[in-house]
Novice: 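Please read through the structure below; I'll follow up with questions.
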There are 2 protein chains.
Amino acid sequence: MSRKHQERSRRPRRRRASTPRRQAVIVRARPASLPWVRLVIATCQVDYVGRLTAHLPPAKRLILVKADGSVSIHNDDRAYKPLNWMSPPCTLVEEPATESEPARWTVTGKDGGQLVITIEEIFHDSTHDLGVDPGLQKDGVEAHLQELLAEHPSVLGEGWTLVRREYPTAIGPVDLLLRDANGAAVAVEVKRRGEIDGVEQLTRYLELLNRDPLLAPVRGVFAAQEIKPQARVLANDRGIECVTLDYDALRGIPRDEMTLF
Amino acid sequence: MSRKHQERSRRPRRRRASTPRRQAVIVRARPASLPWVRLVIATCQVDYVGRLTAHLPPAKRLILVKADGSVSIHNDDRAYKPLNWMSPPCTLVEEPATESEPARWTVTGKDGGQLVITIEEIFHDSTHDLGVDPGLQKDGVEAHLQELLAEHPSVLGEGWTLVRREYPTAIGPVDLLLRDANGAAVAVEVKRRGEIDGVEQLTRYLELLNRDPLLAPVRGVFAAQEIKPQARVLANDRGIECVTLDYDALRGIPRDEMTLF
DNA sequence: CTCTGAATCTCGTGT
DNA sequence: ACACGAGGTTCAGAG
C-alpha cells in the first residue's frame, strides 16, 4: 500500500567553473495535492542557518518529510520536538552523491533560512500516501473553564451574578465581569494554569476598569485550575483574590438556579 | 540495516467474564539500552484522556514510537507538532486484533493520562536502530545577546559601563546592570523578541531596585532584536527606553575599548 | 526535586 | 498580513 518515493521534477543545475557538479532534484516547492509523508533513516549531518545557527554532527537519525513541505530530523529521544527542522512553506532540493561529495539536501524556508542535510548513508527511504485528516477535537481548555464559570458564577462567591463574558476594555477583553452580592463589580481572569503574567494581565484590566466611575471600585479574582506560588503571592500583594477551580466538579454541578429563571 | 520490530515481552492478560479477550504485549516500560525508532503507517483512531480530552476520527496516519517511550501521531501537515502524543516516561501496551475487535494500543503516561490508539489497518511497520546522538550545538539565542551586550555596553549608551550580568535581586536576576556616563544605574532586560511580559518583568525589577538607596534612581532599558508595538508603548509609558539590537552587527564590532585596558 | 523562563517555540483567532 | 495569547506547550538550567 505504501508506494516508492516519486521524484516530482528534475532540472539541470548550473555548472560552476572547475567544480564537478551534480544534478539537483526539487522534491517540493508547493503543497502537494495529496497528503503524504516520506520517511528516511540515514546517517546525516545537519547545519541550520536562520533565526539562529545550529549544527548536528553526523549520526544515524530519522528524517521526516511532510506534504506541506516541512522537514524534521529526529533522534530517539525528546517527546516530539525534532533536533532540527524547517517549517513550511519551504523547498527541498536534493543533490545526489558524486564521487567526491556525499548527497546533500538543502531546505530553504520562506524567510531565507536554510537547513543543509549532508547524507552519508541511507538505510531506509519510503513514501506513504495518507489521505485527508478529519482533524482533532479538543475539550477541557481555558475556553471551557470560562464557559463553565459563566454558568456558575456562584462558585466564585455567594450570590455573584454574571454581567458578561469577554467584557471589552481599551486594552482587550476581561474574561468575566461579575457583580457580587452587594452589587460591586468583579473582574475575573480565568487561566488553566495561573502564573505571574496572568496576574499582571488582570492588574492592567483592574487599573483601567477602576477609572470608570460606573464600575469602580472593581474587585479582582484570579481563577485557575492550578495557581503557582509566586503568582499567588503577587496577587495577594495586589489585593487580588485567588480561586482554584475543579474542572470536573464544575462540569458536574447543575447550572446556577438564577439562570433558570 | 533496518531490523524488524521485536516484541520485548509477552504476558497473559486476565480474562474478563464473558468477553473474548486478547493477549497484551508490553512494548516498552523503561528506556531501552539502544536508541531506536519504530515507524508505523496505519489507519487509526486516537482518544486521549489526560490534561484534556481529545479525539481523532479514523484516518491513515504516521505513528512514531521512540526508544524513550514517547509515542506521537502525525498527519501530513503542521510543522512538527503531532496531532496527538504521549510524552515519556510512558508504557505502550499492544493488544492484537481479534475476530470482533480491532487492534488497540494503550499508552499510559506517568500522570495517569492515557492515549488509546485503535488500529484498523497497518500499511507499514518497521523499527530502526539509531545509535547515540552527539547532540545539537546552538548559537545566537538570548544568552548570546546578553553576552555580546555585556561586552559592548556602549551600544546602549555613550560611555556606559557594565556593573555585572545577572545582577541578583529578591525576585530574580536582572539581565544586565550598567552605569551610564553620569554614574547612574541602568537595569537592562534583554530579549530576542520583546513583548509585553518582558516590559512587566523589567518594571518589577526597577520597582525593587529603586528601593535601594545606593542604586536609585535606576533607569530601565528594554533591549531586543525585535520589539512588538504594544510592548514599546507600554515601555515608553513607564519611562523605559527601548533599543533594538542587530545580532550580526554586535558580533562584528570589536570589544569595547575600556574592557581592553 | 521543583520551579522559572526561553523557544528556530507552534498554533489558533481576531483585527 | 500581523499581532496577541494559549499550549496536553517542550526544553534546559538553576536552586
Novice: In whole angstrom, give the distance that lies between atom CD of A:E200 and atom P of D:dA6.
Specialist: 14 Å
Novice: If you check the B:W85 side chain, which of D:dT10, D:dG7, C:dG5 turns out closest?
Specialist: D:dT10
Novice: Heavy-atom distance under 4.5 Å between the side chains of A:E226 and A:E195, does that happen here?
Specialist: no
Novice: Are A:Q230 and C:dT4 close enough that a side-chain N or O sits under 4.0 Å from OP1 or OP2?
Specialist: yes
Novice: A:E226 has an atom CD; how far is it from atom P of C:dT4, in whole Å?
Specialist: 11 Å
Novice: Which is true for A:M86 with a 4.0 Å heavy-atom rule: it touches a base, it touches only sugar-phosphate, or it touches nothing?
Specialist: nothing
Novice: Is there side-chain contact between B:Y167 and B:D175, with at least one heavy-atom pair below 4.5 Å?
Specialist: no
Novice: Report the distance from atom CZ of B:R193 to atom P of C:dA6, rounded to the nearest whole Å.
Specialist: 12 Å
Novice: Return yes if a side-chain donor-acceptor contact under 3.5 Å exists between A:Q146 and A:R165, otherwise no.
Specialist: yes
Novice: Using the six-membered ring wherever Trp is involved, compare the ring planes of A:Y80 and B:Y80 and label them parallel, tilted or perpendicular (cut-offs 30° and 60°).
Specialist: tilted
Novice: Considering heavy-atom distances to DNA chain C, does B:R204 or B:K81 have its closest nucleotide positioned more toward the 5' end?
Specialist: B:R204
Novice: Can you tell me the distance, in whole Å, between the CD1 atom of A:I196 and the P atom of C:dA6?
Specialist: 12 Å
Novice: Give the nucleotide from the list C:dG5, D:dA6, C:dT10 with an atom nearest to the side chain of B:K191.
Specialist: C:dG5
Novice: Could you tell me the separation between the CG atom of A:D197 and the P atom of C:dA7, rounded to a whole number of Å?
Specialist: 16 Å
Novice: How about B:L39 and B:H128: do any of their side-chain heavy atoms sit closer than 4.5 Å?
Specialist: yes
Novice: Nearest to the side chain of B:Q201, heavy atoms from C-beta on, is which of C:dT8, D:dA6, C:dA6?
Specialist: C:dA6
Novice: Does C:dT8 have OP1 or OP2 sitting under 4.0 Å from an N or O in the side chain of B:K138?
Specialist: yes
Novice: Taking OH from B:Y205 and P from C:dT4, how many angstroms apart are they, rounded to a whole number?
Specialist: 12 Å
Novice: Taking only Lys NZ, Arg NE, NH1 and NH2, and the carboxylate oxygens of Asp or Glu, determine whether A:E189 and A:R219 approach each other closer than 4.0 Å.
Specialist: no
Novice: Between A:G140 and B:S87, name the one whose nearest nucleotide on DNA chain D is closer to the 5' end.
Specialist: A:G140
Novice: Does anything in residues 72-80 of chain B reach DNA chain C, meaning a heavy atom under 4.0 Å, and if so which residues?
Specialist: B:R78, B:A79, B:Y80
Novice: I need the NZ-P distance between A:K110 and D:dC2, as an integer number of Å.
Specialist: 8 Å
Novice: For A:E195, which contact category applies under a 4.0 Å heavy-atom criterion: base, sugar-phosphate, or nothing?
Specialist: nothing
Novice: Of the options C:dT10, C:dC3, D:dA6, whose atoms approach the side-chain atoms of A:P229 most closely?
Specialist: C:dC3
Novice: List the residues meeting side chain to side chain contact (heavy atoms under 4.5 Å, CB included) with A:V163, not counting sequence neighbours, and say none if there are none.
Specialist: A:L177, A:R179
Novice: Write down the distance separating the C1' atoms in C:dT8 and D:dA14, rounded off to the nearest Å.
Specialist: 24 Å
Novice: Compute whether any side-chain donor of one residue and acceptor of the other, for A:Q137 and A:D139, lie under 3.5 angstrom apart.
Specialist: no
Novice: To the nearest Å, give me how far apart CG (B:L136) and P (C:dT8) are.
Specialist: 9 Å
